[in-house]
Every structure is written in C-alpha cells, then in structure tokens.
Amino acid sequence: MSQVKPLKKPPGFKDPTIPIQMPPRKVKLPPSFYPQKRKSRTCCCSCCCLCVLIILILLLILVAGCGFLYLWFEPKLPVFHLRSLEFTQFNVTETQDGPKLNAQSAVKVKLKNPNRELKIVYGETRIELKGENDVNMGEAKVVGFVQEKKNVKVVKFIMKSHEMLYGGSIGKVMKIGFKNKNLRVSADVSTAIGIGYKEWKSWKIGVRVSCGSLKLKQIEDGGTPKCGITLFNWFHLN
C-alpha cells in the first residue's frame, strides 16, 4: 500500500501552532541619564583658570606700580599747628534761662606741606573751638583750596558763639579762666585731603585734626604743639 506524501507548504506560510516571538523594545532614557560630554567641561575650566591668572597678573602689576610711585614720590601727610587765637569779644551774661556766652574770635591754623613733588588738595574745611566742659565757643568753615609742594600756608577762621551755659558754675569758670588766661581751649578741624601732581588729582579721604587742650596763656606764649590727625575716623596719628 502506497504512503501519502504531505503537501508542500506554500511560500510565506506560518504555522499557527508556533508562538510568534516579538523583537525586544529599546527603552528610551531621559537626557539626564546620558553621560555628559567631558570636552565642554574641560574647556570651561581652562577658560576660568586663564581668567584668574590674567586677573592675578594685573593685580601684581598694579601693586608693583603703586609701590614704585610710593617710593618715588614718598607722599607725606600735611602738618597742622594751632598758630594763634585772639578774642575780640568774650562776655558771660546772666539771662532768665541761665548764663550765656557771647564770644567772637579769630583762629589761625598753620598748614605745612612737606612733600617735595606733590601738592595737597583740601576739600571744605571746618573748625570748631571748644572750652571748658566742651562748651562751644564758635564754628567756621572755608572753601576747598590747593597747597603747593614744600609750602606753608596759614588759614584764618572768624568764629562767633552765642552759647547757653548749663550748670551753676560753668559761667564763673569760663569768666575767671578767660580773665587769668588759664581757660583751656581746643580746636577740632574736619576736612578731606588728597594729593596732586601737575594736572592730576587723587580722590580725597576724610581727616579730623585735634589741637589742644591748651591754656590761653600757652597759646599767647607761642606754645602750639603739632596737632594730631585721625584718618577714616579711627586711625590716629600724632
């Protein structure tokens, strides 16, 4: 008996009994999961280092230049002296509110510029004259000016005072002290100074000068010591 040959399967035939295998799907990750490019980070670090190096070189050149200029010009602060004090009026009168001081005086301050190459530029200059117990004996001011190199200048201030004297004994102390020339006075000068060379001028810094406390007799006898200088309201120089 003859065997039956199986039929040939047509082209493209798929056996339904064989399970179909799907190809694996690729999972897409967010950009933050991908490794960053090292080339851009290295380039950024190199630029930062180069900028820092350039800044350091410029600072070094600036410091060296300032040091050279300081050694060449040898800048010095001006020297202040309270040269004279003259009262044209000094009266202590009794009022309903208490004793009152009426005074008028002329104060001369001597300024010395010790610099051989630099001139000194002054801003507005104010002076305040005080007596016993910080009694205000007058205030005055002058406009800014320029003092040439190796120069001595005398600045004159005209001051008036109409001050109430609070306290029972202050009026008597002021009157007796003025009469016997034992009254102690002090002068405080506030200004701003800078330096200049030919047409160039620097910025100004605040300066406070304290002259005193001196007796009137000492001032009349020429005993005018050098005044103290305070820079930036905290750095004191004698």
Trainee: Say you draw a straight line from NZ of Lys175 to OG1 of Thr93; how long is it, rounded to the nearest 0.5 Å?
Mentor: 8.5 Å

Trainee: Show me, pair by pair, the donor-acceptor contacts under 3.5 angstrom made by side chains of residues 116-123, not counting sequence neighbours?
Mentor:
{"from": "Arg116", "atom 1": "NH2", "to": "Trp72", "atom 2": "O", "distance (Å)": "2.7"}
{"from": "Lys119", "atom 1": "NZ", "to": "Lys198", "atom 2": "O", "distance (Å)": "2.7"}
{"from": "Tyr122", "atom 1": "OH", "to": "Gln147", "atom 2": "OE1", "distance (Å)": "3.0"}

Trainee: Rounded to the nearest 0.5 Å, how far does CD1 of Ile158 lie from OG of Ser105?
Mentor: 7.5 Å

Trainee: Table please: side-chain donor-acceptor pairs of residues 185-195 below 3.5 Å, with sequence neighbours left out.
Mentor:
{"from": "Ser190", "atom 1": "OG", "to": "Arg208", "atom 2": "NH1", "distance (Å)": "2.8"}
{"from": "Thr191", "atom 1": "OG1", "to": "Thr125", "atom 2": "OG1", "distance (Å)": "3.0"}

Trainee: Any idea which heavy atoms bring Glu132 and Asn182 closest together, and the distance?
Mentor: OE2-O, 4.1 Å

Trainee: I need the minimum non-hydrogen distance between Glu163 and Asn136, along with the two atoms involved.
Mentor: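 Shortest heavy-atom separation between Glu163 and Asn136 comes out as CB-O, 3.6 Å.
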
Trainee: Rounded to the nearest 0.5 Å, what separates atom CD1 in Ile57 from atom CG in Leu62?
Mentor: 14.0 Å

Trainee: Measuring from atom SG of Cys49 to atom CG of Leu53, what distance do you get when rounded to the nearest 0.5 angstrom?
Mentor: 9.0 Å

Trainee: Do Val146 and Val209 share a hydrophobic cluster (ILVMFWY, side-chain heavy atoms under 4.5 Å, transitive)?
Mentor: no

Trainee: Measuring from Ile54:CD1 to Leu59:CG, what's the distance to the nearest 0.5 Å?
Mentor: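 Here the interatomic distance stands at 12.0 Å.
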
Trainee: Under the rule for salt bridge (charged side-chain N to carboxylate O under 4.0 Å, His left out), what residues qualify as partners of Arg184, not counting sequence neighbours?
Mentor: none

Trainee: Tell me, with the steps shown, if Asn113 and Glu148 meet side chain to side chain contact (heavy atoms under 4.5 Å, CB included).
Mentor: CA-CA 7 Å; Asn113 180 7; Glu148 297 297 329; 5.9 Å; no

Trainee: Under 4.5 Å between side-chain heavy atoms, hopping through other hydrophobics if needed: is there a path connecting Phe157 to Val143?
Mentor: no

Trainee: So, using side chain to side chain donor-acceptor pair (under 3.5 Å) as the criterion, who are the partners of Asn91 when residues are at least two apart?
Mentor: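 None.
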
Trainee: Is the closest side-chain heavy-atom distance between Met174 and Leu183 below 4.5 Å?
Mentor: yes

Trainee: Determine the minimum heavy-atom distance between Met159 and Ala140, stating which atoms define it.
Mentor: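 The pair with the smallest heavy-atom distance is CG-CB, 3.4 Å.
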
Trainee: Identify, with sequence neighbours excluded, every residue that meets side-chain contact (heavy atoms from CB on, under 4.5 Å) alongside Asp134.
Mentor: Lys130

Trainee: Among all residues two or more places apart in sequence or in another chain, which pass the salt bridge (charged side-chain N to carboxylate O under 4.0 Å, His left out) test with Lys181?
Mentor: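 Scan of Lys181 (salt bridge (charged side-chain N to carboxylate O under 4.0 Å, His left out), adjacent residues dropped) gives Glu220.
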
Trainee: Only counting residues at least two apart or in another chain, list the ones meeting salt bridge (charged side-chain N to carboxylate O under 4.0 Å, His left out) with Glu139.
Mentor: none

Trainee: Do you reckon Ile176 sits in the same ILVMFWY cluster as Leu214, going by side-chain contacts under 4.5 Å, direct or chained?
Mentor: no

Trainee: For the atom pair CD1 (Ile127) and NZ (Lys156), what is the distance rounded to the nearest 0.5 Å?
Mentor: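 Those atoms lie 13.0 Å apart.
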
Trainee: Pair up each side-chain donor or acceptor in residues 75-89 with any protein partner under 3.5 Å, not counting sequence neighbours, and list the distances.
Mentor:
{"from": "His81", "atom 1": "ND1", "to": "Thr224", "atom 2": "O", "distance (Å)": "3.1"}
{"from": "Thr88", "atom 1": "OG1", "to": "Gln104", "atom 2": "O", "distance (Å)": "3.2"}

Trainee: Show the numbers, then the answer: is there a side chain to side chain contact (heavy atoms under 4.5 Å, CB included) between Val109 and Leu111?
Mentor: CA-CA 6 Å; Val109 179; Leu111 311 176; 3.9 Å; yes

Trainee: Give me each pair satisfying ring pair (Phe, Tyr, Trp, His ring centres under 6.0 Å) with a member in residues 182-216, each pair once, sequence neighbours excluded.
Mentor: Phe73-Tyr197

Trainee: So, using salt bridge (charged side-chain N to carboxylate O under 4.0 Å, His left out) as the criterion, who are the partners of Lys179 when residues are at least two apart?
Mentor: none

Trainee: Can you list every disulfide bond (SG atoms under 2.5 Å apart) pair that touches residues 173-224, not counting sequence neighbours?
Mentor: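 Listed by first then second residue: Cys211-Cys227.
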
Trainee: Is Val107 reachable from Phe90 through a run of I, L, V, M, F, W or Y residues, each pair having side-chain heavy atoms under 4.5 Å apart?
Mentor: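 Linked, Phe90 and Val107 end up in one cluster.
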
Trainee: List the residues meeting side-chain contact (heavy atoms from CB on, under 4.5 Å) with Leu56, not counting sequence neighbours, and say none if there are none.
Mentor: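 Expected list: Val52.
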
